[in-house]
Amino acid sequence: MVARLIDEDPEQAYAYSRIALRLASRVAAVREAAGFAAYATQKYSEALAEFRAAKRMTGSVELWPVMADCERGLGRPERALAMAGEPEVQKLDKAGQVEMRLVAAGARRDMGQLDAAIVTLQSPELASNSVQPWTARLRYAYADALLAAGREDEAREWFAKTVEADKDGAMDASDRLAELDGVEFVDALGGDEPDDVDADIDADDEDDEQDAAEVAAAERASDQAEYYDEDDEEYEPLERSAADADLDATDEIAVDGDEDQDEDQSRDRDKA
């Protein structure tokens, strides 16, 4: 459920990840999924804790770049830069090293070091004409850094190269390019939205409310056992809600009532 929802509804994905943690906190894949769910909802402190736990369990360094990006999210770009120089980076595959370069360049920009960010992105992977899974993102980051530094002509060139590499259209490089060229897009249809659009929106709202209710019900039905990691202190057992307390009180009254009724029936049988 976390994997299915994380792109379209990260808050729901995060809710499911908390349930998974209650059920299997010592499974590395669960900790990693919980980390990405927290990362997607900008809960960087939680995400970093989960990624660290997953790293300890597996011994893998593949999460190193996203851990460094969490440091950026927490307002600590200098730590992200320090991580970019650690030996773990050399153990990453090519995709991981490119990702680490992107994070390091972002940290440089966070610190106001635009020229250093541009230099950080200049690499054999950027200069290569072959298109790899990371090519579009690397070119886009480079173009954006050039534009931030006031180098519009170079930025236009690299946004155009990004469009060439972005076969799926996952990035807005074409819009950025059009913006630089002074092209404005207008709504050709215009006018107000049809009434059935409002109806669809209302239906979507109802579906969202139903999904939230299902998640809440799943949380109440999930394992209530405490879970701890020996190096983490941020986890606590789920607190019982007021509604749960009311249900317990109702159950106690019902049990007492049944016991009284059984005693009355027993006395009636004795008299008979």
Side-chain angles (χ1 to χ4, degrees), residues 6 10 28 31-128 132-152 154-155 157-159 161-162 165 170-173 176 229 231-234:
I6 194 166
R31 304 302 288 267
E32 182 176 335
F36 279 111
Y39 181 81
T41 53
Q42 299 184 359
K43 297 177 176 65
Y44 297 115
S45 181
E46 289 185 29
L48 186 57
E50 299 299 347
F51 290 143
R52 284 173 174 168
K55 179 178 178 295
R56 285 195 302 272
M57 292 175 178
T58 63
S60 172
V61 297
E62 65 178 4
L63 295 172
W64 196 253
V66 71
M67 289 168 62
D69 205 39
C70 286
E71 295 286 5
R72 284 186 60 210
L74 291 169
R76 301 190 295 241
E78 67 285 349
R79 293 193 184 183
L81 280 177
M83 292 179 68
E86 294 293 332
E88 283 81 356
V89 178
Q90 303 305 319
K91 300 177 184 178
L92 295 169
D93 59 12
K94 181 61 68 175
Q97 291 180 1
V98 171
E99 191 67 29
M100 193 70 243
R101 189 177 292 275
L102 288 167
V103 173
R108 292 288 188 187
R109 291 190 63 173
D110 293 343
M111 299 169 69
Q113 302 173 2
L114 277 176
D115 291 338
I118 292 172
V119 172
T120 300
L121 293 168
Q122 293 171 346
S123 62
E125 293 81 16
L126 179 67
S128 176
Q132 302 295 334
W134 60 77
T135 302
R137 294 183 62 238
L138 187 58
R139 292 179 179 180
Y140 185 94
Y142 189 60
D144 192 50
L146 289 169
L147 185 60
R151 297 159 61 174
E152 291 191 7
E154 295 175 80
E157 175 188 353
W158 282 97
F159 276 129
K161 290 183 177 181
T162 302
M171 316 197 76
D172 65 346
R176 300 290 298 276
D229 185 89
D231 295 317
D232 294 336
E233 300 178 353
E234 69 274 17

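We're numbering straight along the sequence, starting at 1. These numbers come from the heavy atoms of this one structure, side chains and all, not from hydrogens, waters or symmetry mates.
When all heavy atoms are compared, the tightest approach of Ala105 to Ala117 is O-CB, 3.5 Å. The two residues Leu92 and Pro65 come nearest to each other via the heavy atoms CD1-CG, 3.9 Å. Listed here is the closest heavy atom pair of Ala28 and Thr58: CB-CG2, 3.5 Å. Scanning both residues, Ala107 and Leu81, for their nearest heavy atoms gives CB-CG, 3.9 Å. Nearest approach of Thr120 to Ala116, heavy atoms of both residues: OG1-O, 2.7 Å. A pairwise comparison of heavy atoms in Cys70 and Ala47 identifies SG-CB, 3.8 Å as the closest pair.
Judged as a salt bridge (charged side-chain N to carboxylate O under 4.0 Å, His left out), and not counting sequence neighbours, Glu152 has no contacts. For Lys55, there are no salt bridge (charged side-chain N to carboxylate O under 4.0 Å, His left out) partners two or more places apart in sequence or in a different chain. In terms of the ring-ring contact (aromatic ring centres under 6.0 Å, His included) criterion, residue partners of Trp158 (sequence neighbours excluded) are, by chain and number, Tyr142. Under the side chain to side chain contact (heavy atoms under 4.5 Å, CB included) criterion, Gln42 pairs with Tyr44, sequence neighbours left out. Ala173 pairs by the side chain to side chain contact (heavy atoms under 4.5 Å, CB included) definition with Tyr140, Phe159, Thr162, Val163, not counting sequence neighbours. Scanning for side chain to side chain donor-acceptor pair (under 3.5 Å) contacts around Arg108 gives Gln113, with sequence neighbours left out. In terms of the salt bridge (charged side-chain N to carboxylate O under 4.0 Å, His left out) criterion, Asp172 has no residue partners (sequence neighbours excluded). Looking at residues two or more places apart in sequence or on another chain, you find no salt bridge (charged side-chain N to carboxylate O under 4.0 Å, His left out) involving Glu62. Remark: Ala68 engages Ala80, Met83, Met100, Val103 in a side chain to side chain contact (heavy atoms under 4.5 Å, CB included) (not counting sequence neighbours).
Listed by first and then second residue, the salt bridge (Lys or Arg N to Asp or Glu O under 4.0 Å) pairs that reach into residues 75-90 are Glu71-Arg76, sequence neighbours excluded. Residue pairs meeting the salt bridge (Lys or Arg N to Asp or Glu O under 4.0 Å) criterion with at least one member in residues 140-150, sequence neighbours excluded, are Arg109-Asp144, Asp144-Arg176. Evaluation of the salt bridge (Lys or Arg N to Asp or Glu O under 4.0 Å) test over residues 90-100, restricted to residues two or more places apart or in two chains, returns Lys94-Glu125, Glu99-Arg137.
Side chain of Glu32 to main chain of Ala54: no donor-acceptor pair is present (N/O by atom type, distance under 3.5 Å, no hydrogens or angles). Side-chain atoms of Arg31 never come within 3.5 Å of backbone atoms of Phe51 as a donor-acceptor pair (strictly under, hydrogens ignored).
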Show your working on side chain to side chain contact (heavy atoms under 4.5 Å, CB included) between Leu138 and Ser123 and close with a plain yes or no.
CA-CA 10 Å; Leu138 187 58; Ser123 62; 4.1 Å; yes

Give the C-alpha distance, both sets of side-chain angles, the deciding distance and a yes or no for side chain to side chain contact (heavy atoms under 4.5 Å, CB included) between Glu157 and Leu146.
CA-CA 10 Å; Glu157 175 188 353; Leu146 289 169; over 6 Å; no

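If you take CG on Leu63 and CZ on Phe36, they are separated by 5.5 Å, rounding to the nearest 0.5 Å.
Residues Leu121 and Leu102 meet the side-chain proximity criterion, which asks for heavy atoms closer than 4.5 Å.
Under a 4.0 Å N-O distance rule, the pair Lys43/Glu46 does not qualify as a salt bridge.
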